[in-house]
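Just so we're on the same page: letters track the sequence lines, and every chain starts at 1. Please read these numbers as outputs of a predicted model, since none were measured by experiment. When reading the values below, keep in mind they use all heavy atoms of this one structure, side chains included, and skip hydrogens, waters and symmetry mates.
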Amino acid sequence: MDFSETAERISQKITSQGHPVEKAGIEVKLKRLVEEFGVPPAEAERTVMNEFAREFSLSGLRSSGPGEQKSLNQVISGEWVTVEGKVVALTASPSPAIAQTGILADESGGMRFVVWAKANAATLQIGRWYRLDSAVVDQFKGVLNLKIHSGTKVTEITRESALAPEVTPIDKLSPGVGSVRAKVVQEWESTHDRILQSGMLADETGSVRFVLWKEEGKERLNPSGLYSIYYAQVDDYNGRLSLNLNTATLLPEEGDIQVRTGDASFSGAFVHLSPGSGLVKRCPVEGCNRVLSRQNYCPVHEIQPGFQYDLRIKGWLDNGDETREVLMQRKETEEITGMTLEAAREMAENNPLGMDEVFLSVREKLLGRYLSCTGREIERRLLVSCCEFLHYQPDELAGLLNRSGGAL
Amino acid sequence: MMGNGRPAQARREGTFEREPARRVFAGELRESRVHFKEGQDEKSPTYILLPTGERCNRIFLVGTLTEKRKQGEQNLFYRARVVDPTGTFFVMAGSYQPEAMQQMARLEPPAFVSVVGKPSVYEPPDGAPLISVRCESITLSDKDVRDHWVLDTARATLDRIDHSPGTPDGERARKEYAGEPAMFRRMVFDALAQLKI
């Protein structure tokens, strides 16, 4: 491990107080603490600093004990710090041991904070600025956060300047807290009763999924609306980022942006239409939307005669080497089959085979034909947003003739 | 990409990977003899080894349905002939493929059809082995799709010829089959020559 940078920093600090110290000696001390005694580097730095501070009676420097004042993007895990920031979001406390949780922000960025119930700290108010002396930077699920404990001094301060959050391009987001300017490009069927809305946001650089949980005062985003989203929680689910918008300030914006959705494409023969394709009945209970059985039975809400019709396609594309399961929602299904939901419904209602007739009709149109599909891919499953039939391209013939004639 | 790069080992534990439908001309399929099973389970997939050097559990073909015969009394099944520019596929649909049987019932030769199915080798006590295709689905198609399939299959066959040397399946094919895979280049050329530019 290289200690020269740390040593340089300590040396400069002490020297600036009028006590020249050798960098080499500091390096040896640091190395000894870290390598021989297994002290974490940050702790070693503090120890060495304090040693000099005592030696030269430098009271100012000893304050590195409670933590240097830092901006939020400078802190590292395990550190004791002093920060000043604005409470930009408060979230429901997940446990009685926690008095408050939320997001603190300064000019450099935002960070989640946790106030322990035992801290006996004054209740933080949203929109106010505070100085936190001796807060602890901790890591939870790979994300840094600030812990306000009984040793933390919380002081309300006044700041005149407005805080302008820095917007991060989506492809540069990392777990923690982030602000983006993005467009709602997809809205997904709700998979959970507590989810108000989920889907996909995209900007010029990429796309990210989002979720908005049901909570008082929360409203759904407009599909294809452009928003400035300040201080969303960026979570990491199995290596995939997701924005939790409940903490965020959402500002609708005028205009439009060119989005990059990072979509995957796959072309091949449509080799299988899975059962459950075509016309389906969905549970009408708010937020459920499950597909009902033939007897209008929802696995959760039982018999639902007031079902809603929907069109969808589930099937397999195959290029001879690889396969993808493709899922198409109503819009894509209508486009590729040329059959509207209304037409499908009429077909089902006026035919002795009912919904099976729609399935057969979809199969007739797609099975055994070449398709090119674009959409979001998750583990070999393609959520199709755009789809078209492929046709015979005579201009490929010459090249293949040459290849096959090469050995003649 | 060649399937040889990721043979059956690609089936990771607990995940389902659908067997791709290989593109193969009747003229090549007819020459296949070697068939084997990967794994000991009853449900383990069975493969035939294509002479151009790739294993194949399923195929996709588009051709002309020229003949269809209903056979059997108790166990009804259909036997059909589907023709491509290089030869004939023998397609069967039995009571284990009720969907395919119903689809077959609606078709009248001659017609362009798309077929997804599993090839198997039948070795009669006397005479040459016969490759038939057990049909998973057979649907009405058209000339545009057929021509597209000929290009697709030509490309896939040339890819196998060019890339199979050195792969386990490629080397096995060279041992098991007398002819060099390169002889199928001629077949591809003849198939392509029938398309209009």
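Atoms CD and OG1, on E17(B) and T323(A) in that order, are 6.5 Å from each other to the nearest 0.5 Å. Here CZ of F189(B) is found 9.0 Å from CG of N402(A). Values are rounded to the nearest 0.5 Å.
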Next item on the list: Take Q393(A) and H148(B) through the test side-chain contact (heavy atoms from CB on, under 4.5 Å) and record every step on the way to the result.
Entry: CA-CA 7 Å; Q393(A) 298 290 336; H148(B) 192 143; 5.9 Å; no
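R172(B) CZ: more than 12 foreign heavy atoms inside a 6.0 Å radius. Counting heavy atoms of neighbouring residues, nucleotides and ligands inside a 6.0 Å radius, atom CZ of R381(A) does not exceed 12 of them. At most 12 heavy atoms of other shown residues, nucleotides or ligands fall within 6.0 angstrom of atom NZ in K70(B).
Shown here for Y392(A) and L151(B), the closest heavy-atom pair between the two residues is CE1-CD1, 3.5 Å.
Between R58(B) and D318(A) there is no salt bridge, since none of the side-chain N atoms of the basic residue sits less than 4.0 Å from a carboxylate O of the acidic one. Ion pairing between R23(B) and D321(A) fails under the 4.0 Å rule for side-chain N and carboxylate O. Under the 4.0 Å criterion applied to side-chain N and carboxylate O atoms, E396(A) and R155(B) are assigned as salt-bridge partners.
Contacts from residues 112-144 of chain B to chain A, taken as heavy-atom pairs separated by less than 4.5 Å, involve S114(B), V116(B), S137(B), T139(B), L140(B), S141(B), D142(B), D144(B) in sequence order. At a heavy-atom separation below 4.5 angstrom, chain B is approached by L360(A), R363(A), E364(A), L367(A), G368(A), R369(A), Y370(A) within residues 356-373 of chain A. Scanning residues 74-102 of chain B against chain A with a 4.5 Å non-hydrogen threshold yields E99(B), sorted by number.
The candidate from V145(B), V188(B), L158(B) with the greatest count of non-hydrogen atom pairs under 4.5 Å with chain A is L158(B).
Both the backbone and the side chain of L390(A) come within less than 4.5 Å of a heavy atom of chain B.
A 4.5 Å side-chain heavy-atom check between R403(A) and D159(B) finds at least one atom pair inside the cut-off.
Residues forming a side-chain contact (heavy atoms from CB on, under 4.5 Å) with R174(B) (at least two apart in sequence, or on another chain): S164(B), P165(B), E171(B), E180(B), P181(B).
Paired with S404(A) under the rule side chain to side chain contact (heavy atoms under 4.5 Å, CB included), one option of I161(B), T157(B), L192(B), D190(B) passes, and it is L192(B).
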